[in-house]
Amino acid sequence: MYKLSACCSMTCGISFQPKMVLPSLRVQKQGNGHCTNVPRNVNLEKLQNNYLFPEISKRELNHLDKYPNARVISLGIGDTTEPIPQKISLSMANALRKAIAETFYKDVVIKDTEVFVSDGSQCDISRLQLLLGSKVTIAVQDPSFPAYIDSSVIIGQAGDYQDKTGKYQNIEYMLCGPENNFFPDLATTPRTDIIFFCSPNNPTGHAATRTQLKQLVRFARDNGSIIIFDSAYAAYITDDSPKSIFEIPGAKEVAIEISSFSKFAGFTGVRLGWTVVPEELLFSSGFPVINDFNRIVCTCFNGASNIAQAGGLACLSSEGFQAIHSVIDYYKENAKILVETFASLGLKVYGGVNAPYVWVHFPGSNSWSVFTEILEKTHIITVPGSGFGPAGAEYIRISAFGHRERIIEASRRLENLFSKREALFNFVE
């Protein structure tokens with residue numbers, strides 16, 4: 001018996017018979033504590049780099065170290081800036097599930113018992129992944145919110161990362177760009193168990209039309225798939241695009257909807273959201289999905305705080321709802337200013353109408369290079385499109401969340417940067 005050094009200079013204090021070398025111990029020890037016999041989740045090792053938004057924050061801090069006197073304008077991470085209206089912040093109430101059902105789903109008859117109040121839609125994405133497990137196959141829009149893919153990697157659905165394509169081998173990436181009106185070609189899309197779909201989309205800002213969503217629901221029904229529909233930005237829709245997947249006939253049998261107060265009511269620091277799981281939605285065995293999700297929620301979550309729920313209920317009062325929409329209008333005006341700025345520079349601009357995000361195309365460029373160039377020369381934080389998937393490689397996302405004077409100042413800086421059209425072609429990889 002002797003100590004095995006785990007193929008590194010530090011021992012874990014575990015004794016083995018000679019010639020017994022465990023493959024899991026060939027990785028150099030990184031922590032300073034005691035090595036247990038519990039292996040690391042191998043799926044976490046497959047994640048590429050850091051999660052997108054902490055990486056943006058890291059680069060922002062590095063930029064501030066480099067330019068300590070710069071007046072940085074952050075139009076990157078979607079963090080709302082305007083205060084929660086007083087009517088809402090002073091409220092103390094409960095019964096939020098019923099209020100959500102009556103406010104958002106009255107015309108589609110969603111029961112309050114089908115509404116699960118949570119601490120935000122991003123947390124619910126992970127709970128739904130826990131519900132579904134590692135054996136299901138998934139499809140995502142490309143580009144799309146990174147949490148759909150990263151949670152799929154962690155739970156074990158994604159397979160290995162392919163450097164050549166920038167994709168995970170077991171995930172179906174549904175191209176959603178200007179060339180197909182930001183909606184996938186379902187005729188050529190392979191069948192998957194789960195379809196993640198966000199409308200209005202983050203990052204492109206596109207709201208799917210009623211016709212498009214009817215096609216999606218029909219596709220899911222024909223294939224026996226479940227749609228996880230993210231409607232976090234539905235309050236920003238100004239045209240007749242559906243604000244809920246349940247506006248589409250038959251959707252209750254094939255869809256789960258997640259949503260949030262974060263961008264709708266400025267609750268990014270309060271954390272409140274909900275998930276709707278219809279009673280009609282069943283697994284292949286006939287077992288109700290809602291029963292299993294209820295078990296997941298009861299096991300993994302102790303409920304949103306009373307203060308957050310009280311604020312949420314106030315948002316849904318007649319006065320609160322009106323106040324919230326005045327704030328939404330404020331951000332939409334910000335988006336209009338940004339869209340007009342980039343359009344005046346001769347760039348193709350998408351979004352900013354039904355969503356608080358502006359999706360700007362820089363042909364032939366690398367999105368991280370564009371991000372860096374804008375940061376270095378204007379001190380403005382954006383988000384590189386490649387962080388949302390391979391289809392975002394030539395785009396950047398601009399957030400309309402910001403004080404009006406900061407948005408106007410950002411527009412001025414961007415106009416100065418791109419005042420000469422040839423500057424648009426200086427972004428090289």
Side-chain angles (χ1 to χ4, degrees), residues 78-124 198-200 202 205 207 229-247 257-276 301-336 353-357 399-404 407:
D79 195 4
T80 57
T81 56
E82 300 310 292
I84 298 171
Q86 186 178 30
K87 171 68 180 177
I88 297 166
S89 62
L90 298 178
S91 176
M92 292 292 292
N94 211 334
L96 184 56
R97 295 170 75 176
K98 184 176 180 181
I100 290 173
E102 291 178 349
T103 302
F104 297 106
Y105 304 105
K106 183 178 181 180
D107 294 336
V108 296
V109 195
I110 292 294
K111 303 175 184 176
D112 59 352
T113 53
E114 296 172 310
V115 178
F116 293 81
V117 175
S118 71
D119 51 347
S121 57
Q122 186 164 352
C123 298
D124 278 344
C198 181
S199 179
N202 177 12
F229 189 80
D230 188 342
S231 64
Y233 299 94
Y236 290 83
I237 293 177
T238 56
D239 57 24
D240 60 355
S241 300
K243 295 184 177 181
S244 168
I245 190 67
F246 299 123
E247 293 182 34
E257 183 164 301
I258 57 177
S259 198
S260 170
F261 282 84
S262 290
K263 310 303 166 65
F264 155 61
F267 273 39
T268 49
V270 179
R271 308 313 306 166
L272 189 67
W274 71 90
T275 291
V276 176
F301 182 54
N302 285 329
S305 72
N306 289 337
I307 293 175
Q309 292 193 54
L313 191 60
C315 288
L316 305 183
S317 69
S318 58
E319 293 182 16
F321 209 63
Q322 183 178 357
I324 284 301
H325 277 279
S326 67
V327 178
I328 290 174
D329 289 341
Y330 180 93
Y331 292 131
K332 287 167 72 173
E333 182 63 27
N334 283 352
K336 181 181 178 182
V353 177
N354 289 322
Y357 297 125
S399 167
F401 294 125
H403 302 302
R404 180 64 46 74
I407 296 294

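Since the model is a prediction, treat every value here as computed from it, not as a measurement. Hydrogens, waters and symmetry mates are skipped; everything else that's a heavy atom, side chains included, is used.
- A distance-only check finds no donor-acceptor pair linking the side chain of Arg271 to the backbone of Ser305 [under 3.5 Å].
- Under the 3.5 Å distance criterion, the side-chain polar atoms of Arg97 are matched with a main-chain donor or acceptor of Thr113.
- At distances below 3.5 Å, not a single donor-acceptor pair connects side-chain atoms of Asp230 with backbone N or O atoms of Cys198.
- Taken to the nearest 0.5 Å, the NE2 atom of His325 stands 10.0 Å off from the CD atom of Gln322.
- Between the Asp119 side chain and the Ala304 main chain, no donor and acceptor come within less than 3.5 Å of each other.
- Among residues at least two apart or in separate chains, salt bridge (charged side-chain N to carboxylate O under 4.0 Å, His left out) pairs with a member in residues 107-116 are Lys111-Glu279.
- At distances below 3.5 Å, at least one donor-acceptor pair connects side-chain atoms of Ser259 with backbone N or O atoms of Ser231.
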Which is it for Trp274 and Phe104 under the side chain to side chain contact (heavy atoms under 4.5 Å, CB included) test, yes or no, and what are the steps along the way? CA-CA 11 Å; Trp274 71 90; Phe104 297 106; 3.6 Å; yes
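- The two residues Gly312 and Leu96 have their closest heavy-atom pair at C-CD1, 3.6 Å.
- The minimum heavy-atom distance between Ala400 and Ile407, with the atom names listed, is O-CD1, 4.2 Å.
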One pair to check against side chain to side chain contact (heavy atoms under 4.5 Å, CB included): Ser244 and Tyr105. What are the steps and the verdict? CA-CA 8 Å; Ser244 168; Tyr105 304 105; 3.4 Å; yes
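- The line from CD1 of Ile245 to CD1 of Ile258 is 12.5 Å long, rounded to the nearest 0.5 Å.
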I would like to know whether Ser199 and Phe229 meet side chain to side chain contact (heavy atoms under 4.5 Å, CB included); could you show each step before the answer? CA-CA 8 Å; Ser199 179; Phe229 189 80; 3.8 Å; yes
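- Residues Val353 and Lys332 come closest through the heavy atom pair O-CE, 3.9 Å.
- Between Gly402 and Tyr331, the shortest heavy-atom contact is N-CE2, 4.0 Å.
- The minimum heavy-atom distance linking Glu257 with Lys243 is given by the pair OE2-O, 4.4 Å.
- For Ala101 against Ile110, the heavy-atom pair with the smallest separation is CB-O, 3.5 Å.
- When Val270, Leu316, Ile324 are each tested for a side chain to side chain contact (heavy atoms under 4.5 Å, CB included) with Phe261, only one passes: Leu316.
- Distance alone, capped at 3.5 Å, places no donor-acceptor pair between the Glu82 side chain and the Gly266 backbone.
- If you take CG on Asp329 and NZ on Lys336, they are separated by 12.0 Å, rounding to the nearest 0.5 Å.
- Under the side chain to side chain donor-acceptor pair (under 3.5 Å) criterion, Tyr357 pairs with Tyr233, Lys263, not counting sequence neighbours.
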Walk me through whether Cys123 and Phe301 qualify under side chain to side chain contact (heavy atoms under 4.5 Å, CB included). CA-CA 10 Å; Cys123 298; Phe301 182 54; over 6 Å; no
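- Checking side-chain atoms of Asp239 against main-chain N and O of Asn354 turns up no donor-acceptor pair under 3.5 Å.
- Between Leu272 atom CG and Ile307 atom CD1 the span is 12.0 Å, to the nearest 0.5 Å.
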